[in-house]
Chemist: 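Sharing a structure with you now.
Lettering of chains follows the sequences in order, A, B, ..., and the numbering in each one begins at 1.
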Number of protein chains: 2
Amino acid sequence: MASKLDDRKKQILKVVTDDYIASGEPVGSRTIARRYDLGLSPATIRNEMADLEESGFLEQPHTSAGRVPSERGYRYYVDALMARKSLSEKELEVIYGELDQYHEEIESLIHQTSKILVQMTQYPGLVLSPQLQTAIFKHIQLVKLSKSTILVVIVTDTGFVENKMIELQQEISSDELDRLSVLLNQRLRDLSVRDLQLNHFMDLNSELVFHDQLFNEAIKVLIKSLSDRNKNGERVYIEGTAKILEQQEFLDLQKLKPLMGVLEEENRLYKLLYKDVIAKSKVKIGHENEDQVIQDCSVVTASYEIAGRAVGVIGVLGPTRMDYAKVLPIVEGTASVLSELLSQISKRGKL
Amino acid sequence: MASKLDDRKKQILKVVTDDYIASGEPVGSRTIARRYDLGLSPATIRNEMADLEESGFLEQPHTSAGRVPSERGYRYYVDALMARKSLSEKELEVIYGELDQYHEEIESLIHQTSKILVQMTQYPGLVLSPQLQTAIFKHIQLVKLSKSTILVVIVTDTGFVENKMIELQQEISSDELDRLSVLLNQRLRDLSVRDLQLNHFMDLNSELVFHDQLFNEAIKVLIKSLSDRNKNGERVYIEGTAKILEQQEFLDLQKLKPLMGVLEEENRLYKLLYKDVIAKSKVKIGHENEDQVIQDCSVVTASYEIAGRAVGVIGVLGPTRMDYAKVLPIVEGTASVLSELLSQISKRGKL
DNA sequence: TGTTAGCACTCTATCTCAGAGAGTGCTAAC
DNA sequence: GTTAGCACTCTCTGAGATAGAGTGCTAACA
C-alpha cells in the first residue's frame with residue numbers, strides 16, 4: 001500500500017471524491033472522462049482507479065458499479081486534496097449579525113449557534129457548552145430564601161450564571177450569610193473550577209476567624225453542591241437532527257434508528273465532542289470516531305474560545321460522504337464568530 | 001349518522017380498536033370471531049362492521065382489507081369504551097423514586113420527567129415547563145458584577161430561578177443597589193409575573209423616597225428585561241423522538257420527515273401544549289390537533305400543579321393508533337407525582 | 001327478523017423473470 | 001504508456017402471475 005500518489009492519481013482521487021460527494025452515486029470511469037476535462041480516456045482512468053482501489057483509497061460497492069472513496073480516501077482528500085477556503089468577511093458578518101441578537105443570554109446564544117450550523121450546512125449541528133471546569137469564579141452570592149434554604153449564585157468569567165439551592169440543618173442569619181459571601185468571594189475569585197478541590201475549601205475553612213459549627217456545615221454543603229455541578233455542568237445542544245433524514249445513506253431505517261438514538265443521548269454526544277476542546281479544528285471520519293454507531297458518519301468540529309482560552313466545541317455530524325470543503329470553513333468561521341461574541345460578553349462583565 | 005350505538009356495536013367497536021391498537025393490522029370479521037369470544041359468526045360481525053362504517057366509526061383502508069377505527073371511532077373508544085384505570089400505588093412509587101433523585105434542581109426534574117414518559121409509554125415525551133406568567137415573585141436580588149453590569153436574580157414560588165444580566169449607563173454603588181433590592185422585594189413580593197405590568201413599576205417608581213435619575217434608569221432597564229423574559233420563559237422539553245421510528249405508520253419517509261421537523265420546533269410544540277395547562281387531562285386525536293402536520297397523530301396530556309395551581313403540562317405524542325388505555329394513566333400518574341414533588345420544592349423554599 | 005354459511009369478487013403483497021443499463025477487467029492494437 | 005473493443009457481472013425496474021385476506025351479497029335457517 002503505497003501512500004505516495006503521483007499527481008494524476010491525486011487528481012483522479014480528488015475528482016472521484018468531489019463527484020461522489022456531489023452526486024451520491026458511485027462514479028465510473030466514463031463519467032469522469034466525460035464530466036471532467038482530464039485529457040484521459042475512460043480506459044486509462046479505469047486503470048488508475050484500479051490502482052487507487054489496490055492501495056485502499058477507493059472502493060467498489062459491487063463489481064459492476066463505479067468507485068467510491070474509502071475512509072482512507074476521504075482522509076487523504078480532506079488532508080491534501082480538497083479546496084480549502086475560509087468564509088468571506090461578508091459571510092462572517094452575516095453569522096455575526098444572526099448571533100448578535102442573542103448576546104443577552106449565553107444559553108440562547110449557544111442555542112442559536114447550533115441552529116446556524118444546521119441552516120448553513122444542512123447537517124445536524126452540535127454545540128458543547130463552555131466547560132465549567134475551565135471557567136473562573138468571578139462572583140458568588142448567597143441569598144437567604146427561607147429559614148434554612150439558601151440560594152447560591154455563581155458567576156463565572158465565561159458569563160455563565162449557575163444557581164443552586166441548598167438546604168442547611170440550622171438557620172443562618174442574613175448577616176452571617178453576607179459575611180460568608182464576602183469571605184468566599186475573596187477566597188475564590190480567580191480560581192478555576194478545576195482548581196476547586198476539597199483542600200481549597202479546607203484551607204478556607206481553617207482560616208475562618210469566626211468558625212463555628214454552622215459555617216462548617218454551610219461550607220460542606222456548598223462543596224458537595226459544587227462538585228455535583230461539575231459532573232453535569234456541560235451540556236450538548238443539538239439541532240437539526242431531522243436533517244439526517246435527507247441523507248440518502250440513511251434512507252434505510254435499520255441504519256437510521258441507532259443513529260437517531262445516539263443523537264438523543266447527551267452523554268454520547270458529549271463523549272463525541274469533549275476531546276476536541278483542545279483541538280483547533282478537526283475532522284473525524286468514520287471509524288476514527290469512537291462511538292460504534294456513528295462509524296459511518298463524520299464529525300467536523302472547531303473549538304471556540306473565551307478571551308483566548310478554548311472552552312467549548314461546535315460541530316456538525318453527517319455521513320462520511322459529507323461536503324467537507326463546504327462544511328469545514330462554516331464550522332471554523334462560526335466558531336470564530338462565537339468566540340468573539342463570548343469574549344465581548346466576558347469583557348463586559350469585567351471589574 | 002346515529003351516535004347511539006347498541007351494546008353489541010359498542011362491543012365490536014371496542015374489540016376492533018383494541019385489536020388494531022395491539023396489532024397494527026386492519027382487523028377482519030374472521031379474526032374477531034376467532035380471537036374474541038363474542039358468540040357471533042364472522043358474517044354477523046361483518047354486518048355490524050358495515051353499519052359501524054356507515055356511521056363513521058370504522059374505516060376501510062381498501063375494499064378487501066379489514067376495518068380500522070376512524071378518528072371518530074377512537075374518540076368514542078377513548079370517551080366510552082376503553083378500560084380506564086389508574087396507576088397502582090406501587091407504580092406511582094416507582095415514578096416517585098425515579099424523579100426524587102432530581103429534586104435538587106427543577107430543570108433536571110422536568111427533564112427527567114420527559115424521559116420517564118418515554119420509557120414508560122415508548123412514545124416521545126413532552127414537558128411544558130412551569131409558566132413564568134403564573135409564577136409568583138418570591139425574591140429578587142441585584143448583584144453588582146462590574147461598574148455598570150448588574151446581575152438580576154429572580155426566584156419564583158415555583159422554585160424557578162431566573163438570571164438576567166443588565167447594563168446601566170451609569171455606575172451604581174453597591175449600597176444603592178441593596179436599597180433598590182430591598183425596595184423591589186417589598187413591592188413585588190407575592191405579585192404574579194402576569195400582574196407585573198408597566199404600571200406596577202410606575203407606582204413603585206413614584207413612591208420612591210430617594211428617586212434620582214439613576215434609579216429611574218435601573219428600573220426602566222429592569223422592566224424591559226423582565227418583559228423580554230416573559231416571551232421566552234417557557235420551554236418545551238422533548239425526549240425520545242427516535243421512538244416514532246418504531247411506529248409502523250411512520251415507516252414512510254414522506255410522512256416521517258415533516259413530523260420530525262415539528263418535533264424540533266419548540267414553538268410548534270409549545271402551541272401544541274400551552275392550551276392544556278387549564279385542562280386536567282386531555283386526549284387530542286388526529287384532526288383535533290391544530291397543527292396540520294400532526295393530524296395523523298394523537299397527543300395525550302395532563303397538567304401538573306404547584307401548590308394547587310396548574311402551571312405546566314406533560315404529555316406524549318404518538319400515532320392515532322396509540323395505546324390510549326395504557327398511556328393515559330401513565331401520563332396522569334406522572335403528572336400527579338411531578339405535582340407533588342414540585343409542591344414540596346415550593347414549600348421547602350417558603351419563608 | 002336476526003343469524004349464518006357459501007361463494008364470487010376485489011384488492012394487495014410477494015415472487016419470479018427478463019431486459020436494460022452501467023461499469024468493469026482484460027486483451028490487443030496503437 | 002495509452003486506448004479501443006468486447007465479454008462479463010451486477011443491479012434495477014417493470015410486468016405478470018399467484019396466493020391470501022377480507023368483503024358483500026344471496027339464500028337458507030332458526
Chemist: Checking side chain to side chain donor-acceptor pair (under 3.5 Å) for the pair Tyr324(A)/Thr17(A): CA distance, chi angles, key distance, verdict?
Modeler: CA-CA 10 Å; Tyr324(A) 300 98; Thr17(A) 312; over 6 Å; no
Chemist: I'd like to know if the side chain of Thr241(B) pairs up with that of Glu264(A) as donor and acceptor (distance under 3.5 Å, no hydrogens or angles considered).
Modeler: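 Yes, a side-chain donor-acceptor pair sits under 3.5 Å.
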Chemist: Would you check, one step at a time, whether the test side-chain contact (heavy atoms from CB on, under 4.5 Å) holds for Arg8(A) with Leu40(A)?
Modeler: CA-CA 10 Å; Arg8(A) 197 167 74 181; Leu40(A) 297 173; 3.6 Å; yes
Chemist: Does either side chain, that of Thr113(A) or that of Tyr237(A), offer a donor lying less than 3.5 Å from an acceptor on the other one?
Modeler: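 Distance-only check fails for Thr113(A) and Tyr237(A).
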Chemist: Would you be so kind as to tabulate the donor-acceptor pairs closer than 3.5 Å made by side chains of residues 253-260 of chain A, with sequence neighbours excluded?
Modeler:
none

Chemist: Between Asp18(A) and Tyr77(A), is any side-chain donor less than 3.5 angstrom from a side-chain acceptor?
Modeler: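 Present: a donor and an acceptor within the cut-off.
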Chemist: So which of residues 9-23 of chain A are in contact with DNA chain D, with a heavy-atom cut-off of under 4.0 Å?
Modeler: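 Per residue number, the list is empty: none.
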Chemist: Just jot down the side chain to side chain donor-acceptor pair (under 3.5 Å) partners of Ser64(B), sequence neighbours excluded, or say none.
Modeler: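 With neighbours one apart ignored, the set is empty.
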Chemist: Enumerate the salt bridge (Lys or Arg N to Asp or Glu O under 4.0 Å) contacts for residues 22-46 of chain A, please, sequence neighbours excluded, ordered by first and then second residue.
Modeler: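 Sorted pair list: Asp19(A)-Arg35(A).
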Chemist: Distance check, rounded to the nearest 0.5 Å: Glu265(B) atom CD versus Asp291(B) atom CG?
Modeler: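 Going from CD on Glu265(B) over to CG on Asp291(B), the span is 8.5 Å.
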Chemist: Of all the base pairs, Watson-Crick or G-U under 3.5 Å, which form stems of three or more consecutive pairs involving DNA chain C?
Modeler: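 When the pairs of DNA chain C are grouped into runs of at least three, the stems are C:1-30 with D:1-30.
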Chemist: What is the distance, to the nearest angstrom, from the CD1 atom on Ile45(A) to the P atom on dA22(C)?
Modeler: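 Between P of dA22(C) and CD1 of Ile45(A): 17 Å.
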Chemist: Indicate for each nucleotide in nucleotides 13-30 of chain D, in 5' to 3' sequence, whether protein heavy atoms under 4.0 Å reach the base (B), only the sugar-phosphate (S), or nothing (-).
Modeler: --------BSBBB-----
Chemist: Check each of Arg75(A), Gln295(A), Lys282(A) against Glu288(A) using the side-chain hydrogen bond (donor to acceptor under 3.5 Å, both in side chains) test, and report the only one that passes.
Modeler: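 When Arg75(A), Gln295(A), Lys282(A) are each tested with Glu288(A), the side-chain hydrogen bond (donor to acceptor under 3.5 Å, both in side chains) holds only for Arg75(A).
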Chemist: Give a yes/no answer on whether the side chain of Thr44(A) brings an N or O atom under 4.0 Å of OP1 or OP2 in dT3(D).
Modeler: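 Yes, Thr44(A) has a side-chain N/O under 4.0 Å of OP1/OP2 on dT3(D).
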Chemist: Can you work out whether His62(B) or Glu48(B) has the more 5'-proximal nearest nucleotide on DNA chain C?
Modeler: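 That would be Glu48(B).
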